[in-house]
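A short write-up of the structure that comes next.
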Amino acid sequence: MSELDPELLKRATQWIREADKVVVFTGAGVSAESGIPTFRQAQSGLWAKYDPMRLATVDGFLRDPRLVWQWYAYRRRLVREKEPNPGHAAIFELESWAGELTVITQNVDGLHHRAGSARVIELHGNITRVKCFEGGHVYPDWDDEDAGGGELPPLCEHCGQMLRPDVVWFGEQLPEGALVESFSLAGSCGVMLVVGTSGKVQPAASLPVAAREAGARVIEINPEPSEITPTAHFLLKGASGEVLPQIVRQLRK
Ligand code: BV8
């Protein structure tokens with residue numbers, strides 16, 4: 001385990017203690033230690049030859065609905081087999097020390113909910129929820145086994161349209177309410193922890209900038225520098241499943 005600079009660790013815990021409102025903004029890196037590949041890691045196996053950026057679009061789905069549906073069914077199975085990791089658990093535990101803590105996540109795997117976090121804003125939707133193509137009918141907690149071996153994608157039982165994952169694809173607007181609430185929290189929090197994101201996807205990646213501009217203390221947790229690093233007060237260089245538990249241990253002292 002990489003030991004963190006004790007000075008930075010102390011500063012992080014002091015800032016968290018002093019903050020009335022803390023936001024933890026997460027990306028795919030926080031789920032890496034759960035065994036869920038990050039968005040930009042090369043896909044493995046069957047999916048290695050596909051580019052997520054092309055599959056996670058309306059055009060990609062319309063071009064080959066069956067393929068895109070199967071990609072998401074594969075990812076739903078993967079997510080259901082995996083568990084939250086010590087990083088998710090530490091974020092849940094931070095709720096005991098921070099005034100009001102909200103998780104704003106770009107991830108669609110639902111692991112923050114499963115780790116017990118009380119307030120989670122899912123900016124890009126949730127892969128275990130599906131909806132009909134026009135979006136009117138939603139099927140929470142979709143089970144691919146129940147769908148049986150029928151045509152893929154399945155059709156909506158209410159309107160007959162193709163079903164699709166209830167996630168935000170590239171080129172699609174983020175859920176209005178989630179976005180407004182997230183920028184309001186960024187503009188009013190005392191501390192924003194930015195965990196496991198490359199900072200490449202907009203508008204989510206503008207949240208740390210909004211927080212810094214509004215006077216928040218911004219701390220990044222990532223094994224590598226990212227596009228967020230210039231915006232952060234400092235980077236705690238390491239895996240979130242190792243760094244976050246060290247912060248919680250320090251807070252317990
Ligand atoms: C929008 C759901 C308005 C799907 C996702 C041209 C046309 C249209 C739009 C655009 C355009 N140019 C730019 C845009 C905007 C576009 C965008 O940002 N493109 C980028 C890529 C150039 N954004 C959009 O389209 C958004 N909508 O703008 O609407 C609009 C509408 C029409 C026209 C114009 C504008 C919608 C974006 C949402 C896309 N959906 N997910 C699915 O999952 O299938 S985003 C997807 O990427 C995931 O949610 C993922 O979380 C997210 C961001 O990536 P990261 O989380 O940062 O993951 P990444 O792999 O990149 O990085 C992992 C990091 O973890 C690394 O830094 C690594 O070092 C670190 N790490 C690794 N291990 C660990 C770790 N950290 C800690 N611990 C570890 N152990």
Side-chain angles (χ1 to χ4, degrees), residues 1-2 4 24-43 47 50-61 67-76 78-79 82 84-91 103-112 120-131 164-176 178-179 182-183 193-209 219-232 235-247:
M1 177 186 309
S2 51
L4 292 174
V24 184
F25 173 57
T26 65
V30 79
S31 297
E33 291 153 275
S34 294
I36 296 176
T38 66
F39 214 71
R40 275 159 192 78
Q41 253 167 337
Q43 295 208 94
W47 299 103
Y50 295 102
D51 173 5
M53 293 293 291
R54 287 173 54 81
L55 293 182
T57 61
V58 171
D59 293 348
F61 179 70
L67 176 77
V68 174
W69 178 269
Q70 287 176 315
W71 180 49
Y72 280 92
Y74 157 72
R75 289 171 64 194
R76 268 193 290 278
L78 189 71
V79 161
K82 306 299 182 185
N85 67 62
H88 295 103
I91 291 170
V103 178
I104 301 175
T105 189
Q106 301 171 84
N107 300 339
V108 296
D109 56 33
L111 290 185
H112 287 298
V120 181
I121 298 175
E122 294 179 318
L123 285 176
H124 296 154
N126 187 307
I127 200 169
T128 61
R129 204 172 47 236
V130 305
K131 64 183 181 183
R164 54 158 285 181
D166 191 6
V167 297
V168 180
W169 278 332
F170 288 98
E172 288 191 312
Q173 301 282 359
L174 276 62
E176 184 67 23
L179 203 53
S182 297
F183 274 95
L193 299 180
V194 181
V195 187
T197 183
S198 61
K200 289 185 172 27
V201 173
Q202 293 299 348
S206 298
L207 285 167
V209 176
I219 301 165
E220 183 181 22
I221 295 168
N222 196 317
E224 305 294 328
S226 74
E227 296 194 17
I228 303 286
T229 309
T231 302
L235 165 65
L236 291 174
K237 209 164 170 355
S240 48
E242 295 175 11
V243 171
L244 286 163
Q246 287 185 59
I247 292 176

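Atoms within a ligand are numbered from 1 in the order they appear, just like the ligands themselves. Everything numeric here is computed off the predicted structure, so don't read it as measured data.
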*Does the N or O separation between Ala32 and ligand 1 drop below 3.5 Å for any pair?*
no
_Looking only at distances, can you tell me whether any N or O atom of Trp71, backbone or side chain, sits closer than 3.5 Å to an N or O atom of ligand 1?_
no
*Under 4.0 Å to a heavy atom of Glu33 - the qualifying atoms of ligand 1, by number*: 78 (N), 79 (C), 80 (N)
*Any N or O on Ser240 sitting closer than 3.5 Å to an N or O of ligand 1?*
yes
_Below a 4.0 angstrom heavy-atom separation, can you tell me which part of Glu172, side chain or backbone, both or neither, approaches ligand 1?_
backbone
*Any heavy atom of Gly241 sitting closer than 4.0 Å to ligand 1?*
no
*Does Ser226, backbone or side chain, put an N or O under 3.5 Å from an N or O of ligand 1?*
no
*Side chains of Pro86 and Leu244: closer than 4.5 Å at any heavy-atom pair?*
no
*Looking only at N/O atoms, are Trp169 and ligand 1 under 3.5 Å apart anywhere?*
no
_I need the contact type for Leu174 against ligand 1. Using non-hydrogen atoms and a strict under-4.0 Å cut-off, is it side chain, backbone, both or neither?_
side chain
*Run the contact test for Met53 against ligand 1 with a 4.0 Å cut-off on heavy atoms, strictly below, and give the result.*
yes
*Is Thr197 touching ligand 1 with its side chain, its backbone, both, or neither, if touching means heavy atoms under 4.0 Å apart?*
both
_Contacts of type ring-ring contact (aromatic ring centres under 6.0 Å, His included), residue Phe183, not counting sequence neighbours_ = none
